[in-house]
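Have a look at the structure below, then the notes.
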Amino acid sequence: MRATLTRPGLCRVEQIMGTTITLDLADDLPPATVRELADEVFAWMHEVDARFSTYKPDSEVCRFDRGEVLLSEASADLRYVLETCADLWGATDGFFDAYATGRLDPSGFVKGWAAQVASDRLVAAGAVNHCVNAGGDVRVRGLSPSGEPWRIGIRHPWDAMAACLVLSGTDLAVATSGVYERGRHVLDPRRGAPASGLRSVTVVGTDLGLADAYATAALAMGTPGLNWLARLDDHTHAAITDNARQYHSVDLPLTD
């Protein structure tokens with residue numbers, strides 16, 4: 001029987017952006033360094049929340065939407081998000097639409113992007129073994145504290161206590177968009193009505209911002225999103241329909 005080695009590290013959880021943010025650091029670094037890196041991650045996530053929250057009237061995204069901030073005056077982060085959302089609108093044939101609700105709401109990209117930036121910064125700082133989980137949008141790098149690849153459970157859309165799939169890997173961006181927590185909050189921008197047909201969509205790649213947006217777009221498409229996902233280069237996927245049919249890529253990184 002092989003012994004399981006557990007490396008030192010840190011696990012921290014905070015409520016930010018209206019969801020649970022979990023950080024697992026699994027590198028053998030000095031405790032003070034690990035705490036400092038965690039502080040930087042959560043400071044960044046709070047900064048993103050303050051800037052991009054659609055619920056805080058004084059956030060930059062709300063002030064921009066009201067015309068109180070010009071594009072030329074916007075922060076570099078806001079300009080980047082706006083440009084990327086415009087690109088995603090084109091790449092998804094309009095199904096990823098930051099203006100689908102009639103006002104600016106880039107949330108379908110921002111949460112995954114923020115976690116991706118946090119992960120990239122950790123790698124640059126030498127913390128190459130970590131997991132950043134932003135409300136179910138997960139970026140893993142390297143190995144878990146046990147020295148094994150990270151395992152990521154995909155929540156069962158009808159049972160909050162169960163996983164319908166478990167993925168495993170050392171360099172994965174896993175984003176899930178579903179209707180089981182917030183109801184049918186994703187709109188089909190062509191009909192201007194809540195999307196239907198798919199209960200849950202998971203997209204796996206190496207950039208969590210893109211995976212997050214692609215999952216949102218596929219959910220907005222409804223069942224035609226299954227064919228769109230199958231044609232998506234450099235990504236794998238899993239989806240569950242409203243009538244409980246489950247589909248996934250043949251090369252999805254499932255656990256053995």
Side-chain angles (χ1 to χ4, degrees), residues 17-20 84-85 87-98 100-101 105-116 133-140 152-160 162-169 172-191 193-255:
M17 293 189 281
T19 192
T20 302
T84 305
C85 285
D87 291 341
L88 287 164
W89 184 88
T92 62
D93 200 21
F95 279 97
F96 181 88
D97 188 348
T101 63
D105 183 359
S107 303
F109 169 73
V110 163
K111 182 157 63 75
W113 163 73
Q116 178 69 43
N133 185 336
D137 292 338
V138 183
R139 188 66 170 99
V140 297
I152 305 130
I154 307 302
R155 183 191 141 163
H156 194 289
W158 281 280
D159 184 353
C164 58
L165 294 169
V166 179
L167 311 182
S168 177
L172 299 176
V174 183
T176 299
S177 185
V179 302
Y180 40 78
E181 286 188 345
R182 297 170 55 194
R184 297 198 176 276
H185 65 287
V186 174
L187 297 180
D188 174 347
R190 295 189 176 182
R191 297 187 298 113
S196 61
L198 297 179
R199 179 85 175 173
S200 172
V201 174
T202 297
V203 174
V204 182
T206 56
D207 184 290
L208 193 55
L210 292 182
D212 194 5
Y214 290 155
T216 300
L219 193 71
M221 294 175 191
T223 51
L226 296 171
N227 289 330
W228 182 80
L229 287 166
R231 299 192 302 270
L232 197 58
D233 291 337
D234 301 321
H235 292 78
T236 56
H237 70 275
I240 299 177
T241 66
D242 286 343
N243 59 2
R245 287 183 172 272
Q246 183 172 307
Y247 301 86
H248 65 76
S249 307
V250 294
D251 51 349
L252 191 71
L254 297 169
T255 55

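Quick note: numbers below take in every heavy atom, side chains included, and nothing from hydrogens, waters or symmetry partners.
- Not a single salt bridge (Lys or Arg N to Asp or Glu O under 4.0 Å) links Asp97 to another residue, sequence neighbours left out.
- Rounding to the nearest 0.5 angstrom, the gap separating the CZ atom in Phe109 from the CG atom in Leu208 is 9.5 Å.
- Partners of Asn243 according to the side-chain hydrogen bond (donor to acceptor under 3.5 Å, both in side chains) rule, which considers only residues two or more places apart in sequence or in another chain, are Thr241.
- In terms of the side-chain hydrogen bond (donor to acceptor under 3.5 Å, both in side chains) criterion, Asp87 has no residue partners (sequence neighbours excluded).
- Judged as a side chain to side chain donor-acceptor pair (under 3.5 Å), the pairs with a partner in residues 202-225 (not counting sequence neighbours) are, in order, Thr176-Thr202.
- Partners of Arg245 by side-chain hydrogen bond (donor to acceptor under 3.5 Å, both in side chains), not counting sequence neighbours: none found.
- In this structure, the side chain to side chain contact (heavy atoms under 4.5 Å, CB included) partners of Ala239, at least two apart in sequence or on a different chain, are Val201, Leu226.
- For Arg139 (side chain) and Leu172 (main-chain N/O), a donor-acceptor pair under 3.5 Å exists by modelled atom type.
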Practice task
Let me see the working for Ser196 and Arg191 under side chain to side chain contact (heavy atoms under 4.5 Å, CB included), right down to the final yes or no.
Solution key: CA-CA 11 Å; Ser196 61; Arg191 297 187 298 113; 4.3 Å; yes
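- Rounded to the nearest 0.5 Å, atoms CG (Leu229) and CG (Leu198) are 8.0 Å apart.
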Exercise for the section: Evaluate the criterion side chain to side chain contact (heavy atoms under 4.5 Å, CB included) for residue pair Ile152 and Val166; output intermediate values, then yes/no. Expected result: CA-CA 5 Å; Ile152 305 130; Val166 179; over 6 Å; no
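- Minimum heavy-atom separation, Ala217 to Thr92: CB-CG2, 3.7 Å.
- Across every non-hydrogen atom of Ala220 and Asp188, the tightest pair is O-CB, 3.7 Å.
- For the side chain to side chain donor-acceptor pair (under 3.5 Å) condition, the pairs that include at least one residue of residues 227-239, sequence neighbours left out, are His237-Ser249.
- Counting all heavy atoms, side chain and backbone alike, Ala98 lies closest to Pro106 at CB-CA, 4.3 Å.
- The two atoms that bring Ala211 and Ala173 nearest to each other are CB-O, 4.2 Å, heavy atoms only.
- Taking the side chain as every heavy atom from C-beta outward, Leu219 and Phe95 never approach each other to under 4.5 Å.
- Between His248 atom NE2 and Cys164 atom SG the span is 10.0 Å, to the nearest 0.5 Å.
- Heavy-atom minimum distance, Gly169 versus Val140: O-CG2, 4.1 Å.
- Applying the side-chain contact (heavy atoms from CB on, under 4.5 Å) test between Ile154 and each of Leu254, Leu167, Ile240 identifies Leu167 as the sole match.
- In this structure, Gly112 and Asp137 approach most closely via the heavy-atom pair N-OD2, 4.4 Å.
- Partners of Thr20 according to the side-chain hydrogen bond (donor to acceptor under 3.5 Å, both in side chains) rule, which considers only residues two or more places apart in sequence or in another chain, are Gln15.
- Scored by the side chain to side chain contact (heavy atoms under 4.5 Å, CB included) test, Ala162 finds His156, Asp159 as partners (sequence neighbours excluded).
- Note that the CZ atom of Arg199 and the CD atom of Gln246 stand 14.0 Å from one another [nearest 0.5 Å].
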